[in-house]
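We number each residue from 1, following the sequence as shown.
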Amino acid sequence: MSPSAPAARPARRALPQEVGLALVVLVLGLILAGYGWHDARPGHPNTFLNFDNLIDGVATPMSYYAIMAVGATVVIITAGIDISVGAIMALAALGGAGALQALPPDASAWLVLPVALLVPLAIGLACGLINGGLVVGLNLHPFIVTLGTMSIFRGLANVLPSQKTLPAAGQLLPEAFTTRFMRVEWFGLQPMPLLLMLGTIALGWIYLHLMVAGRETYAVGGNVEAARFSGLRVNRILLRTYALSGLSAGLAGMVSLGRFGTASTSTGTGYELTVIAGAVVGGASLAGGRGTAVGALLGTLIIALIENGILILRLAQEYRLVIIGLAIVVAVALERLGHHLRQRRAAR
């Protein structure tokens with residue numbers, strides 16, 4: 001089997017799937033806007049279409065989820081899973097905060113920005129390589145491995161910092177990172193989290209659809225034994241996918257640190273469920289072989305709209321986990337139904 005053969009099939013199916021996801025986004029938006037208009041009354045104005053709500057309530061909060069969802073999608077395409085991303089994000093954010101608080105508040109951007117970027121990415125990459133090394137080396141199911149490392153990374157995030165929140169009381173992160181980079185304003189917007197998210201989506205699309213490494217990823221997820229017999233270095237490919245997942249979590253940690261100007265031991269808690277939900281709702285198949293970076297963006301946007309809708313509809317926050325869990329179950333059920341229908345058509 002040629003390594004390039006399995007890549008052509010997901011590329012042909014990507015457009016209709018992503019168009020369908022875009023329609024779901026449109027319908028959700030219309031429902032939320034329509035409900036707000038119908039329910040608008042003194043004291044309960046429609047806030048969904050407010051510019052501040054769309055940017056600060058939907059787009060910006062989803063930026064870390066979407067960045068990590070790209071890495072999660074790459075892992076899921078290989079039929080793997082990484083549930084340690086929230087803990088990696090916390091470690092990366094705390095590591096970045098620890099390094100930056102050692103610099104003077106007025107330090108030069110030439111010094112601050114490399115530290116702010118490279119420290120979280122290095123921590124994320126190291127954690128991803130540990131996950132990949134354990135998956136490949138121990139030949140264990142990725143869920144078991146990343147369940148263990150999630151606990152280890154979260155424990156380290158609680159133990160290693162001198163305080164629960166960094167920077168320490170009385171200290172600030174350098175302005176070159178916060179005010180003049182991550183929270184820089186253009187036309188009244190603070191676009192850096194969104195730009196980093198869109199940049200990650202673009203890199204993910206290039207990786208999966210234009211690079212040999214992406215085609216190898218689909219080949220391993222489509223049929224790992226066939227990929228191995230065709231000469232692909234499966235272990236190296238799996239190690240690379242978990243490294244990318246760790247890198248995306250490290251970048252998300254940097255974005256969170258820059259947006260809030262602080263990191264805590266609870267950063268990223270519970271994010272793994274939202275990230276996996278975004279990837280799966282976006283079309284990544286838990287059976288492997290399917291998924292796109294643009295699908296991860298749209299899936300995460302659907303989750304973000306659902307979360308914002310809970311606020312717009314003034315529902316109890318406890319419904320959030322119920323709805324996200326239902327979204328995962330429905331997405332998996334629809335994917336399996338589609339797989340069954342494709343098999344029936346192929347058998348005719």
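The shortest side-chain heavy-atom distance between Leu195 and Trp186 falls under the 4.5 Å cut-off. Taking the side chain as every heavy atom from C-beta outward, Lys164 and Asn158 approach each other to under 4.5 Å. Side-chain atoms of Leu100 and Val112, non-hydrogen and from C-beta on, do get closer than 4.5 Å to each other. Proximity of Tyr242 to Leu134: side-chain heavy atoms (C-beta onward) are nowhere separated by under 4.5 Å. Between Gln163 and Thr265 the shortest side-chain heavy-atom distance does not fall below 4.5 Å. In this structure, Leu305 and Phe48 have side chains that are in contact, with non-hydrogen atoms separated by less than 4.5 Å. Residues Arg233 and Leu239 are not in side-chain contact: their nearest non-hydrogen atoms beyond the backbone lie 4.5 Å or more apart. Residues Leu286 and Val280 are in side-chain contact: their nearest non-hydrogen atoms beyond the backbone lie under 4.5 Å apart.
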### Message
I'd like to know whether Val58 forms a side-chain contact (heavy atoms from CB on, under 4.5 Å) with Leu301, so could you lay out the CA-CA distance, the side-chain angles of the two residues, the decisive distance to 0.1 Å, and finally the verdict.
### Response
CA-CA 8 Å; Val58 178; Leu301 179 56; 4.0 Å; yes
### Task
Determine, stepwise, if the pair Leu297 / Met197 fulfils side-chain contact (heavy atoms from CB on, under 4.5 Å).
CA-CA 9 Å; Leu297 172 67; Met197 175 186 72; 4.0 Å; yes
### Check against side-chain contact (heavy atoms from CB on, under 4.5 Å), Met192 and Arg183
CA-CA 7 Å; Met192 197 52 67; Arg183 286 183 289 197; over 6 Å; no
### Query
Passes side chain to side chain donor-acceptor pair (under 3.5 Å), Gln190 versus Thr60? Steps please.
CA-CA 9 Å; Gln190 294 181 355; Thr60 302; over 6 Å; no
### Stepwise side-chain contact (heavy atoms from CB on, under 4.5 Å) check, Val25 with Leu21
CA-CA 6 Å; Val25 169; Leu21 289 168; 5.7 Å; no
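The backbone N or O of Val145 sits less than 3.5 Å from a side-chain atom of Thr149, completing a donor-acceptor pair. With Asn50 contributing its side chain and Asn53 its backbone, the two residues share no donor-acceptor pair below 3.5 Å. Side chain of Thr292 to backbone of Gly295: a donor-acceptor contact under 3.5 angstrom is found. A donor-acceptor contact shorter than 3.5 Å is absent between the side chain of Thr267 and the backbone of Ala263. No side-chain donor-acceptor contact under 3.5 Å links Ser151 to the backbone of Gly148. Of the possible polar contacts, none joining the Tyr218 side chain to the Gly288 backbone as a donor-acceptor pair under 3.5 Å is found.
In this structure, the separation between CD1 on Ile67 and OG1 on Thr200 is 4.5 Å, given to the nearest 0.5 Å. Summarising the geometry, atom CG belonging to Leu140 is positioned 12.0 Å from atom CG belonging to Leu147; distances are rounded to the nearest 0.5 Å. A distance of 10.0 Å separates OG1 in Thr262 from CG in Leu172, rounded to the nearest 0.5 Å. In this structure, Gln101 CD and Gln171 CD are separated by 4.5 Å, a value rounded to the nearest 0.5 Å. For the atom pair CG of Leu203 and OG of Ser248, the computed distance is 11.5 Å after rounding to the nearest 0.5 Å. Residue Met68 holds its CE atom at 10.0 Å from CG of Leu251, rounded to the nearest 0.5 Å.
Closest approach of Val255 to Ser63, counting heavy atoms only: CG1-OG, 4.1 Å. Across all their heavy atoms, Gly96 and Pro120 have their closest contact at CA-CG, 4.1 Å. Residues Gly250 and Ala92 approach most closely at CA-CB, 3.6 Å, considering heavy atoms. Contact record, Leu173 with Ala97: CD2-O, 4.0 Å, taken as the closest heavy-atom pair. When all heavy atoms of Leu189 and Pro191 are compared, the pair lying nearest together is O-CD, 3.3 Å. Closest approach of Phe181 and Ala176 over heavy atoms only: CB-O, 3.3 Å.
Residues Met62 and Leu273 share a single hydrophobic cluster, defined by chaining ILVMFWY side chains whose heavy atoms lie under 4.5 Å apart. Note on Leu160 and Leu94: separate hydrophobic clusters, where clusters join Ile, Leu, Val, Met, Phe, Trp and Tyr whose side-chain heavy atoms are under 4.5 Å apart, directly or indirectly. By the criterion of side-chain heavy atoms lying less than 4.5 angstrom apart, applied directly or through intervening Ile, Leu, Val, Met, Phe, Trp or Tyr residues, Leu111 is grouped together with Met254 in one hydrophobic cluster. Hydrophobic clustering of Ile, Leu, Val, Met, Phe, Trp and Tyr side chains at less than 4.5 Å, counting indirect connections, unites Phe187 with Val184. Each of Leu118 and Phe177 belongs to its own hydrophobic cluster when Ile, Leu, Val, Met, Phe, Trp and Tyr are linked at side-chain heavy-atom distances under 4.5 angstrom.
At a threshold of 4.0 Å, the pair Arg240-Glu216 counts as salt-bridged, since one of the basic side-chain nitrogens sits closer than that to a carboxylate oxygen.
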Without placing hydrogens or testing angles, list every side-chain donor-acceptor pair under 3.5 Å for residues 74-89, not counting sequence neighbours.
| residue | atom | partner | partner atom | Å |
| --- | --- | --- | --- | --- |
| Thr78 | OG1 | Val75 | O | 2.6 |
| Asp82 | OD1 | Ser84 | N | 2.9 |
| Asp82 | OD1 | Ser84 | OG | 2.6 |
| Asp82 | OD2 | Ser245 | OG | 2.8 |
| Ser84 | OG | Asn131 | ND2 | 2.9 |

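Of the N and O atoms on the side chains of Arg259 and Tyr64, at least one donor lies less than 3.5 Å from an acceptor on the other residue.
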